[in-house]
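Take a look at the structure set out below.
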Amino acid sequence: QVQFVESGGGLVQPGGSLKLYCAAPQDISLATLAWYRQAPGNQRELVARILKGGAQEYADSVKGRFMLSIDIFKRTLNLQMNSLKPEDTAVYYCNSPTTPRDWGQGTQVTVSS
């Protein structure tokens, strides 16, 4: 059973922007989730997450370019990605860092001219 549904990916030119969306099961607090990504040949890495108290943590490679937000009406954890670079190309996933569940299909982000 798919637990998370990621969407919003696509093909974008370097310097462009995309916004990703993570729909989570009703029994999970969106504030406990994180975004991950996996590029071909690489291990999955944590990109951004919300910490206790509401602070946000970002991988060094995306600091200042990516931003998390929660849409309480749509119940999604969103990832706004700006100033995209070719090295941001990956499949993006969401999951809980502390109590992981089955991974969703992810959403492909390709940054290329």
Side-chain angles (χ1 to χ4, degrees):
Q1 184 177 5
V2 175
Q3 298 284 345
F4 302 99
V5 179
E6 301 91 351
S7 62
L11 173 63
V12 64
Q13 292 186 342
S17 298
L18 282 174
K19 190 170 185 177
L20 306 184
Y21 305 87
C22 168
Q26 293 290 327
D27 65 328
I28 294 178
S29 168
L30 294 173
T32 65
L33 298 181
W35 277 98
Y36 297 79
R37 69 184 179 187
Q38 186 168 20
N42 290 358
Q43 289 190 336
R44 190 173 284 142
E45 63 172 344
L46 191 145
V47 174
R49 66 176 174 174
I50 300 176
L51 304 174
K52 283 186 177 180
Q56 299 181 2
E57 181 179 65
Y58 297 89
D60 288 343
S61 58
V62 307
K63 277 181 185 175
R65 301 188 297 120
F66 290 12
M67 180 174 293
L68 286 166
S69 64
I70 290 176
D71 186 326
I72 59 173
F73 297 105
K74 295 181 180 179
R75 226 191 112 65
T76 56
L77 176 68
N78 306 328
L79 184 67
Q80 177 68 46
M81 307 188 297
N82 300 322
S83 302
L84 283 162
K85 305 176 181 180
E87 51 263 43
D88 295 318
T89 295
V91 180
Y92 285 71
Y93 304 86
C94 59
N95 210 325
S96 167
T98 53
T99 52
R101 299 193 182 187
D102 290 344
W103 293 93
Q105 295 286 340
T107 186
Q108 175 71 48
V109 172
T110 302
V111 185
S112 174
S113 54

Inset, instruction - Enter the distance from Thr32:OG1 to Leu77:CG here, rounded to the nearest 0.5 Å. - result: 9.0 Å

Legend entry - Atom pair CG (Asn78) and CH2 (Trp35), whose distance is rounded to the nearest 0.5 Å: 8.0 Å

Pairs in or reaching into [range]: which pass disulfide bond (SG atoms under 2.5 Å apart), with residues at least two apart or in two chains?
range: residues 45-84; value: none
range: residues 20-98; value: Cys22-Cys94
range: residues 27-68; value: none

Legend entry - Residues forming a side-chain hydrogen bond (donor to acceptor under 3.5 Å, both in side chains) with Thr107, sequence neighbours excluded: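 Applying side-chain hydrogen bond (donor to acceptor under 3.5 Å, both in side chains) to Thr107 gives none.
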
Inset, instruction - State plainly whether the residues Lys85 and Asp88 are in salt-bridge range, i.e. N to O under 4.0 Å. - result: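 A salt bridge is absent here (no side-chain N lies under 4.0 Å from a carboxylate O).
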
Inset, instruction - Enumerate the residue pairs fulfilling salt bridge (Lys or Arg N to Asp or Glu O under 4.0 Å) with a member in residues 26-36, sequence neighbours excluded, ordered by first and then second residue. - result: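 The answer is Asp27-Arg101.
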
Inset, instruction - List for me each residue that meets ring pair (Phe, Tyr, Trp, His ring centres under 6.0 Å) alongside Tyr93, sequence neighbours excluded, and say none if there are none. - result: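 Result, ring pair (Phe, Tyr, Trp, His ring centres under 6.0 Å) vs Tyr93: Trp103.
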
Legend entry - Heavy atoms of other groups near Glu87 CD, more than 12 under 6.0 Å: yes

Donor-acceptor contacts, no H, no angles, side chain residues 66-74, under 3.5 Å, sequence neighbours left out:
unit_1: Asp71; atom_1: OD1; unit_2: Phe73; atom_2: N; d: 3.0
unit_1: Asp71; atom_1: OD1; unit_2: Lys74; atom_2: N; d: 2.9

Inset, instruction - Enumerate the residue pairs fulfilling ring-ring contact (aromatic ring centres under 6.0 Å, His included) with a member in residues 39-62, sequence neighbours excluded, ordered by first and then second residue. - result: none

Inset, instruction - Taking all heavy atoms of Leu30 and all of Ala24, pick out the closest pair and write down the distance. - result: CD2-CB, 3.9 Å

Legend entry - Which atom of Pro97 lies closest to which atom of Tyr36, heavy atoms considered: CA-OH, 3.2 Å

Residues 12-20, side-chain donor-acceptor partners within the protein, below 3.5 Å, at least two apart:
unit_1: Ser17; atom_1: OG; unit_2: Asn82; atom_2: OD1; d: 3.0

Extract all donor-acceptor atom pairs below 3.5 Å that involve side chains of residues 45-54 and protein atoms in other chains or at least two apart in sequence.
unit_1: Glu45; atom_1: OE2; unit_2: Arg37; atom_2: NE; d: 2.7
unit_1: Glu45; atom_1: OE2; unit_2: Arg37; atom_2: NH2; d: 3.4
unit_1: Arg49; atom_1: NE; unit_2: Glu57; atom_2: OE1; d: 2.7
unit_1: Arg49; atom_1: NH2; unit_2: Glu57; atom_2: OE1; d: 3.1

Legend entry - With Arg75 via salt bridge (charged side-chain N to carboxylate O under 4.0 Å, His left out) - residues at least two apart: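 Listed in chain order: nothing, the list is empty.
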
Legend entry - Linked, directly or transitively: Val5 and Tyr21 (ILVMFWY side chains, under 4.5 Å):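 Different hydrophobic clusters.
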
Inset, instruction - Would you please name every residue forming a side chain to side chain contact (heavy atoms under 4.5 Å, CB included) with Thr110, sequence neighbours left out? - result: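 Per chain and number, Thr110 pairs via side chain to side chain contact (heavy atoms under 4.5 Å, CB included) with Leu11, Thr89, Gln108, Ser112.
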
Legend entry - Heavy-atom side-chain proximity of Val109 to Met81 below 4.5 angstrom: yes

Inset, instruction - Mind running side-chain hydrogen bond (donor to acceptor under 3.5 Å, both in side chains) on Thr99 and Ser96 for me, showing each step along the way? - result: CA-CA 5 Å; Thr99 52; Ser96 167; 3.2 Å; yes

Legend entry - Test item: Ser29 side-chain N/O and Ala31 main-chain N/O as donor-acceptor pair under 3.5 Å: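 Yes, Ser29 side chain to Ala31 backbone: donor-acceptor pair under 3.5 Å.
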
